[in-house]
Trainee: 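The structure that follows is given in the form of structure tokens.
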Amino acid sequence: MTRVFLNDDQKLDPEDLHHLFHVLRMRAGDSLEAVYKRDLYRARLTDQSAQDGNLVLEEKLEAREKGYRVFLLQGLAKGQKWEEVLEHGTEVGIDTFVAIQMKRSLRKVNHKWDKLKNRWEKIVEKAAKQSKQIDIPQVYPPMTLKEGLEILPKDSLILVCYEEEKDHFMKDYIQGQEKNIALIIGPEGGLDPEEVDLIKARGGHPVSLGKNILRTETAPLIAGDRVYCLMEER
């Protein structure tokens, strides 16, 4: 069933209305799922007007929550790779995205943030709807690694996915009781040793994702899925 997110006035975004009525060809009276202030409802469309259209919340549904948050701090990748991370990372359960300007990052976008902000937020919102979540992930503007580490909650379990690490894995640190898990992944050129030292000084743990070297856009999906599996099986 189609899922939408409502604003504080319990109304649909005009873009959502257009998509429902003109792309999905829904009509007044059709049912869908609506998230309003983190509660999930079965709802019914009441009007096809893109200007005045609205819906009625009919029944509160049970929404399964994870009970923990996953932060991703990732070296900013070139081209469309970061947008792939935003989309597919949302699908695997990442709650917060922070693009990090690392030493080996091949892309700089600080001067373009105003233009990119709306695009990146739309990507995670669309992915959250598609994957049936009750939260839209938060997307931060690009920042330095030091700044990214500072925004993490103090109780975060910090795991840095590092290709030079051979002996330790996520399962060695995830106990299933964490409230905040931070994943740190490098850009195409990998993490600089000084960056790894900075993360370790903040309490981070280097971990391996396996013997194969993963692309920067693949690594967060593997890491995010492993976090989910390890947290759910405890």
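FYI, side chains are in, hydrogens and waters are out, and symmetry mates aren't considered; it's all heavy atoms of this structure.
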Trainee: Determine yes or no for a side-chain-to-main-chain donor-acceptor pair under 3.5 angstrom, with Thr216 supplying the side chain and Ile185 the backbone.
Mentor: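 Side chain of Thr216 to backbone of Ile185: no pair is present.
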Trainee: Can any side-chain N or O of Asp95 pair as donor or acceptor with the backbone N or O of Val70 at less than 3.5 Å?
Mentor: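 Confirmed, Asp95 side chain pairs with Val70 backbone.
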Trainee: Less than 4.5 Å apart, side chain to side chain, heavy atoms only: is that true for Leu55 and Leu6?
Mentor: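 Yes; the side chains approach each other to less than 4.5 Å.
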Trainee: If every non-hydrogen atom of Ile94 is compared with every non-hydrogen atom of Pro137, which pair is closest and at what distance?
Mentor: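 Minimum heavy-atom contact is O-CG, 3.6 Å.
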Trainee: Got a list of side-chain donor-acceptor pairs under 3.5 Å for residues 157-170, not counting sequence neighbours?
Mentor:
unit_1: Glu165; atom_1: OE2; unit_2: Asp167; atom_2: N; d: 3.0
unit_1: Glu165; atom_1: OE2; unit_2: His168; atom_2: N; d: 3.0
unit_1: Glu165; atom_1: OE2; unit_2: His168; atom_2: ND1; d: 3.1
unit_1: Lys166; atom_1: NZ; unit_2: Glu163; atom_2: O; d: 3.1

Trainee: Looking only at side-chain N and O atoms, does Thr2 offer a donor or acceptor that is under 3.5 Å from a partner on Glu33?
Mentor: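 Per modelled atom types, Glu33 and Thr2 side chains form no pair under 3.5 Å.
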Trainee: Nearest 0.5 Å please: distance from the NZ atom of Lys129 over to the NZ atom of Lys132.
Mentor: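 Result: 13.0 Å between the selected atoms.
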Trainee: Start with the C-alpha gap between Glu178 and Ile181, add the side-chain angles, then the distance that decides, and say whether side-chain contact (heavy atoms from CB on, under 4.5 Å) holds.
Mentor: CA-CA 7 Å; Glu178 291 78 20; Ile181 299 175; 3.9 Å; yes
Trainee: Do NZ/NE/NH1/NH2 and the carboxylate oxygens of Lys122 and Glu15 come within less than 4.0 Å?
Mentor: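 A salt bridge links Lys122 with Glu15.
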Trainee: When you measure from the side chain of Arg215 to the backbone of Glu188, do you find a donor-acceptor pair of N or O atoms at a distance under 3.5 Å?
Mentor: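 No; zero donor-acceptor contacts below 3.5 Å.
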Trainee: So, do Met143 and Gln101 sit near enough that their side-chain heavy atoms are less than 4.5 Å apart?
Mentor: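 They are not in side-chain contact.
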Trainee: Looking at every heavy atom in both Arg226 and Gly210, which two are closest together, and how far apart are they?
Mentor: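 Closest pair (atom of Arg226, atom of Gly210, distance): NH1-N, 4.3 Å.
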Trainee: In the structure I gave you, are the side-chain heavy atoms of Gln74 and Ile184 within less than 4.5 Å of one another anywhere?
Mentor: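 Heavy-atom side-chain distance check fails, nothing below 4.5 Å.
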Trainee: Answer yes if Val4 and Tyr36 sit in the same cluster of Ile, Leu, Val, Met, Phe, Trp and Tyr residues linked by side chain heavy atoms under 4.5 Å apart, and no otherwise.
Mentor: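 In one cluster: yes.
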Trainee: Please collect all salt bridge (charged side-chain N to carboxylate O under 4.0 Å, His left out) contacts where either partner lies in residues 141-161, sequence neighbours excluded, each pair once.
Mentor: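 Residue pairs passing salt bridge (charged side-chain N to carboxylate O under 4.0 Å, His left out), neighbours aside: none found.
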Trainee: Between Leu45 and Val56, is there a shared hydrophobic cluster once you connect ILVMFWY residues whose side-chain heavy atoms come closer than 4.5 Å?
Mentor: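 No, because Leu45 and Val56 fall into different hydrophobic clusters, even though each may have its own neighbours under 4.5 Å.
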Trainee: Determine, stepwise, if the pair Ile136 / Glu121 fulfils side-chain contact (heavy atoms from CB on, under 4.5 Å).
Mentor: CA-CA 9 Å; Ile136 299 174; Glu121 289 178 346; over 6 Å; no
Trainee: In this structure, would Leu57 and Leu32 fall into the same cluster of hydrophobic residues linked by side-chain contacts under 4.5 Å?
Mentor: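 Linked, Leu57 and Leu32 end up in one cluster.
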Trainee: Tyr41 and Glu59: side-chain contact (heavy atoms from CB on, under 4.5 Å), yes or no, with the steps?
Mentor: CA-CA 5 Å; Tyr41 295 88; Glu59 176 188 3; over 6 Å; no
Trainee: Supply the atom-to-atom distance Leu61 CG to Leu40 CG, rounded to the nearest 0.5 angstrom.
Mentor: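 Answer for the CG-CG pair, Leu61 versus Leu40, is 4.5 Å.
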Trainee: With sequence neighbours excluded, what pairs up with Lys103 under the salt bridge (Lys or Arg N to Asp or Glu O under 4.0 Å) test?
Mentor: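 Partners of Lys103 by the salt bridge (Lys or Arg N to Asp or Glu O under 4.0 Å) criterion, ordered by chain and then number, come out as Asp192, Glu194.
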Trainee: May I ask you to test the Met231-Tyr68 pair for a side-chain heavy-atom distance under 4.5 Å?
Mentor: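 Side-chain contact under 4.5 Å: yes.
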Trainee: Under 3.5 Å, which donor-acceptor pairs link side chains of residues 84-91 to any protein atom two or more places apart or in another chain?
Mentor:
unit_1: Thr90; atom_1: OG1; unit_2: Leu86; atom_2: O; d: 2.7

Trainee: Output the distance between atom CG (Asp16) and atom CG (Leu20), rounded to the nearest 0.5 Å.
Mentor: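 Rounded to the nearest 0.5 Å, the CG-CG separation comes out at 6.0 Å.
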Trainee: Among all residues two or more places apart in sequence or in another chain, which pass the salt bridge (Lys or Arg N to Asp or Glu O under 4.0 Å) test with Asp197?
Mentor: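 With neighbours one apart ignored, the set is empty.
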Trainee: Would a single hydrophobic cluster contain both Leu72 and Leu230, if residues Ile, Leu, Val, Met, Phe, Trp and Tyr are joined by side-chain heavy-atom contacts under 4.5 Å?
Mentor: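 Leu230 clusters together with Leu72.
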Trainee: Is the Trp82 ring parallel, tilted or perpendicular to the Trp120 ring (thresholds 30°, 60°)?
Mentor: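 Rings of Trp82 and Trp120: perpendicular, over 60°.
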Trainee: For the pair Ile100 and Leu76, evaluate side-chain contact (heavy atoms from CB on, under 4.5 Å) and give the outcome as yes or no after the intermediate values.
Mentor: CA-CA 5 Å; Ile100 302 296; Leu76 191 56; over 6 Å; no
Trainee: Indicate if Tyr173 and Ile222 have the same hydrophobic cluster label, given that clusters are the connected sets of ILVMFWY residues with side-chain heavy-atom separations under 4.5 angstrom.
Mentor: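 Yes; tracing contacts between hydrophobic side chains, which count when under 4.5 Å, links both residues.
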Trainee: Do you know which of Leu152, Ile151, Val98 makes side chain to side chain contact (heavy atoms under 4.5 Å, CB included) with Phe71?
Mentor: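 Output: one option passes, namely Leu152.
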Trainee: NZ of Lys78 to CD of Glu217: how many Å apart, nearest 0.5 Å?
Mentor: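 Reported value, rounded in 0.5 Å steps: 10.0 Å.
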Trainee: Measuring from Ile174:CD1 to Tyr228:OH, what's the distance to the nearest 0.5 Å?
Mentor: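 OH of Tyr228 is found 13.5 Å from CD1 of Ile174.
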Trainee: When you measure from the side chain of Glu125 to the backbone N and O of Phe5, does any donor-acceptor pair fall under 3.5 Å?
Mentor: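 Not confirmed, Glu125 side chain does not pair with Phe5 backbone.
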Trainee: Between Asp30 and Arg44, is the closest basic N to carboxylate O distance under 4.0 Å?
Mentor: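 Looking at Arg44 and Asp30, the cut-off is not met.
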Trainee: Is it true that, when you exclude Arg104 itself, more than 12 heavy atoms of the residues, nucleotides or ligands shown sit nearer than 6.0 Å to its CZ?
Mentor: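 Atom CZ in Arg104 is crowded, with more than 12 foreign heavy atoms closer than 6.0 Å.
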Trainee: Holding to side chain to side chain donor-acceptor pair (under 3.5 Å), I want the full list of residues that pass it with Thr96, two or more places apart in sequence or in another chain.
Mentor: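 Counting only residues at least two positions away or on another chain, Thr96 forms a side chain to side chain donor-acceptor pair (under 3.5 Å) with Arg69.
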Trainee: Less than 4.5 Å apart, any side-chain heavy atom of Met102 and any of Leu145?
Mentor: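 SC-SC contact between Met102 and Leu145 confirmed.
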Trainee: Donor-acceptor pair, Arg3 side chain versus Gln133 backbone, under 3.5 Å?
Mentor: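 Yes, because the side chain of Arg3 sits within donor-acceptor range (under 3.5 Å) of the backbone of Gln133.
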Trainee: Can you measure from CG (Leu198) to CG (Leu191) and round to the nearest 0.5 angstrom?
Mentor: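 Here the rounded value is 11.0 Å.
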